[in-house]
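Source: prediction; values computed, not measured. Along the sequence shown, residues carry numbers from 1.
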Amino acid sequence: MRKLTVLLMTAILLSGWMSGACNPAHVLAEEQAEVDVAEAAETPSAQEEMAEGYTIGVSVYDPEDWEAIAFRDYFENYLGSAFDATFYYNAERIDTAEDEIAFITELHEAGVKGIISFLSTYIEEVLPVCEEYGMYYVLGSGTISDEVYENVKDNPYFLGTIGPTTEEEQAAGETLAENLSALDENKNASYLVVTGGSGIGNEMHRLRTVGILTKLQEIYGLTYESSVEELAELTETTEIETGSDVRITIFPGYLVDGSEVGAAVADGEYTIVISAMTIANAITNICSAEEASGYDIKVGMLDCFTDQNYAFFNEKDENGDSKLNCLVGKYGAIVGPSFVAMCNAYAGYAEDFREDGSAFRLYQTYWYAADTDEFNELYAQSISTYENTYSATDMMQVLKLYNEDADFAAFKEFAEH
């Protein structure tokens with residue numbers, strides 16, 4: 001009996017060994033399962049990654065631009081400290097879609113999982129690259145056309161846009177034109193209208209330019225040779241027909257260092273410079289032209305409530321006038337909601353913050369300053385808005401990592417308040 005028992009046990013052991021030897025997949029599956037469990041234990045969850053700190057890419061047209069600097073100050077000195085976040089900026093200017101794609105590739109190679117962009121012109125070209133890399137993308141403060149939005153809204157890595165409505169963008173241009181034309185006492189001004197990327201796909205610049213030309217036409221009773229929409233898309237410097245003594249020259253293109261505008265006004269031909277984008281780097285050039293020609297040139301632009309523009313409003317030019325006369329602009333903390341959107345995506349909740357399954361479109365408004373007193377009042381608010389507008393405490397209420405009840409409706413209200 002003892003021999004029989006030993007033989008039976010040996011047979012069972014041999015049978016088990018043979019079964020494993022003949023079925024290595026079974027053994028490998030068990031071993032792989034053990035490896036997966038071990039790796040899962042070692043790999044932090046999205047929430048754990050967030051709690052340990054994270055890096056977000058930021059793409060801007062020009063890292064030396066004062067609006068970009070104001071946004072950067074808010075990101076790094078306020079949000080970076082509050083949420084242990086790091087921001088990875090492009091070191092060089094971004095002038096083309098290829099430039100932004102190269103920066104996105106740089107972010108991807110550095111392990112960055114999301115980008116807050118302030119470049120609306122190239123969005124259709126760059127989003128497929130973001131999808132390929134699995135990188136989230138949000139337009140931090142800007143506007144795109146309805147047509148472009150329809151083309152990109154279903155990209156799962158496109159979170160959405162946050163910025164002024166199309167109506168607000170056009171109204172910004174109209175406000176500039178209205179305030180600057182009020183300074184033309186003789187109603188015979190010569191305007192240099194800086195249109196930026198209006199003719200090459202920048203929807204924000206195009207809408208503002210349409211607003212500028214529409215309001216000037218209304219105020220002076222002008223007769224244009226083409227529709228304002230066609231004029232806004234000019235890509236060459238052009239003096240347009242107005243049917244009056246009022247002169248208007250369209251000056252398209254992005255500026256390199258501001259000297260382009262300085263050269264354009266150097267001979268004293270223009271009494272008003274009105275810009276659909278920031279020309280802060282040209283104001284010193286304009287002041288030099290005033291000094292050389294003896295002309296008084298009024299200046300208004302779209303920009304931000306920055307320290308630099310504070311100086312321009314409060315310093316006098318050759319004629320005893322403010323160097324900057326009118327500003328439609330943003331404030332540093334206006335980019336707070338884009339940070340919240342990216343944080344929710346990083347934490348694994350991107351789908352919870354889509355609007356009816358698509359990328360969201362959220363809206364904010366501009367601030368307007370038609371003189372030094374108005375600018376100074378708004379500037380004082382701007383530099384104190386970190387706690388008053390989009391504070392870290394308010395953000396935690398719409399960050400699902402900190403508040404499990406946070407949803408898109410609450411985020412929308414937070415962004416648009």
Side-chain angles (χ1 to χ4, degrees), residues 170-196 198 208-228 231-232 234 237-252 258 260-280 282-303 309 312-329 368-376:
Q170 184 164 331
E174 292 174 355
T175 299
L176 280 176
E178 184 172 17
N179 287 325
L180 287 168
S181 64
L183 302 177
D184 175 24
E185 296 178 357
N186 298 321
K187 299 305 175 188
N188 61 352
S190 296
Y191 285 89
L192 184 72
V193 180
V194 182
T195 62
S198 179
R208 296 167 192 168
T209 300
V210 167
I212 291 167
L213 295 175
T214 299
K215 182 56 69 171
L216 291 179
Q217 184 178 46
E218 174 189 318
I219 290 171
Y220 290 101
L222 306 179
T223 303
Y224 296 143
E225 56 190 320
S226 305
S227 70
V228 292
L231 296 174
L234 289 172
T237 300
T238 308
E239 182 173 348
I240 63 175
E241 293 292 335
T242 66
S244 78
D245 292 335
V246 174
R247 294 178 56 205
I248 298 177
T249 297
I250 303 296
F251 191 80
E260 306 94 323
V261 173
V265 302
D267 59 4
E269 284 190 51
Y270 302 103
T271 55
I272 296 178
V273 177
I274 181 169
S275 179
M277 66 174 193
T278 178
I279 52 169
I283 291 179
T284 299
N285 300 96
I286 294 171
C287 290
S288 296
E290 286 182 300
E291 185 175 356
S293 67
Y295 273 67
D296 181 15
I297 304 173
K298 308 297 186 184
V299 183
M301 65 181 180
L302 266 290
D303 196 15
N309 288 331
F312 287 148
F313 263 99
N314 287 276
E315 293 174 357
K316 303 302 181 183
D317 62 17
E318 179 71 9
N319 302 287
D321 187 23
S322 295
K323 292 181 177 179
L324 179 60
N325 304 96
C326 181
L327 180 78
V328 177
Y368 301 85
D371 56 40
T372 300
D373 289 341
E374 287 185 2
F375 179 89
N376 289 346

Indicate yes or no: at least one non-hydrogen side-chain atom of [X] is less than 4.5 angstrom from one of [Y].
| X | Y | result |
| --- | --- | --- |
| Thr242 | Leu216 | no |
| Leu183 | Ile272 | no |
| Asp296 | Asp317 | yes |
| Arg247 | Glu269 | yes |
| Asn188 | Thr271 | no |
| Phe375 | Leu324 | no |
| Ile248 | Leu213 | yes |

For this session: Kindly indicate, with the supporting measurements, whether the criterion side-chain hydrogen bond (donor to acceptor under 3.5 Å, both in side chains) is fulfilled by Ser322 and Thr372.
Result: CA-CA 8 Å; Ser322 295; Thr372 300; 3.1 Å; yes
Could you pull out the closest heavy-atom pair between [X] and [Y], with the gap in Å?
| X | Y | result |
| --- | --- | --- |
| Ser244 | Leu222 | OG-CD2, 3.1 Å |
| Asn285 | Gly262 | CB-CA, 3.6 Å |
| Ala276 | Leu302 | O-CB, 3.8 Å |
| Ala266 | Ser293 | O-CB, 4.2 Å |
| Lys323 | Cys287 | CG-SG, 3.6 Å |
| Met277 | Met301 | O-CB, 3.6 Å |

Exercise. Is the number of heavy atoms from other residues, nucleotides or ligands under 6.0 Å of Asp245 CG greater than 12?
Worked result: no
Problem set entry | Evaluation steps, side-chain contact (heavy atoms from CB on, under 4.5 Å), between Glu241 and Thr223 | CA-CA 7 Å; Glu241 293 292 335; Thr223 303; over 6 Å; no
Taking [X] for its side chain and [Y] for its backbone only, find out whether a donor-acceptor pair lies under 3.5 Å.
| X | Y | answer |
| --- | --- | --- |
| Thr209 | Ala232 | no |
| Glu290 | Ile297 | yes |
| Asp371 | Asp373 | yes |

Going from [atom1] on [X] to [atom2] on [Y], what distance comes out if it is rounded to the nearest 0.5 angstrom?
| X | Y | atom1 | atom2 | answer |
| --- | --- | --- | --- | --- |
| Ser181 | Lys298 | OG | NZ | 13.0 Å |
| Thr237 | Leu192 | OG1 | CG | 8.0 Å |
| Ile274 | Asn325 | CD1 | CG | 11.0 Å |
| Tyr368 | Leu327 | OH | CG | 11.0 Å |
| Ile240 | Tyr224 | CD1 | OH | 5.0 Å |
| Ile250 | Ser198 | CD1 | OG | 8.5 Å |

Exercise. Yes or no on side-chain contact (heavy atoms from CB on, under 4.5 Å) for Lys187 and Val246, after CA distance, side-chain angles and deciding distance?
Worked result: CA-CA 7 Å; Lys187 299 305 175 188; Val246 174; 5.8 Å; no
For this session: For Asp184 and Tyr220, test the side chains for any donor-to-acceptor distance below 3.5 angstrom and give the result as yes or no.
Result: yes
Problem set entry | side-chain contact (heavy atoms from CB on, under 4.5 Å) between Ile212 and Thr195, worked out | CA-CA 10 Å; Ile212 291 167; Thr195 62; over 6 Å; no
Exercise. Please walk me through it: do Leu176 and Lys215 pass side-chain contact (heavy atoms from CB on, under 4.5 Å)?
Worked result: CA-CA 9 Å; Leu176 280 176; Lys215 182 56 69 171; over 6 Å; no
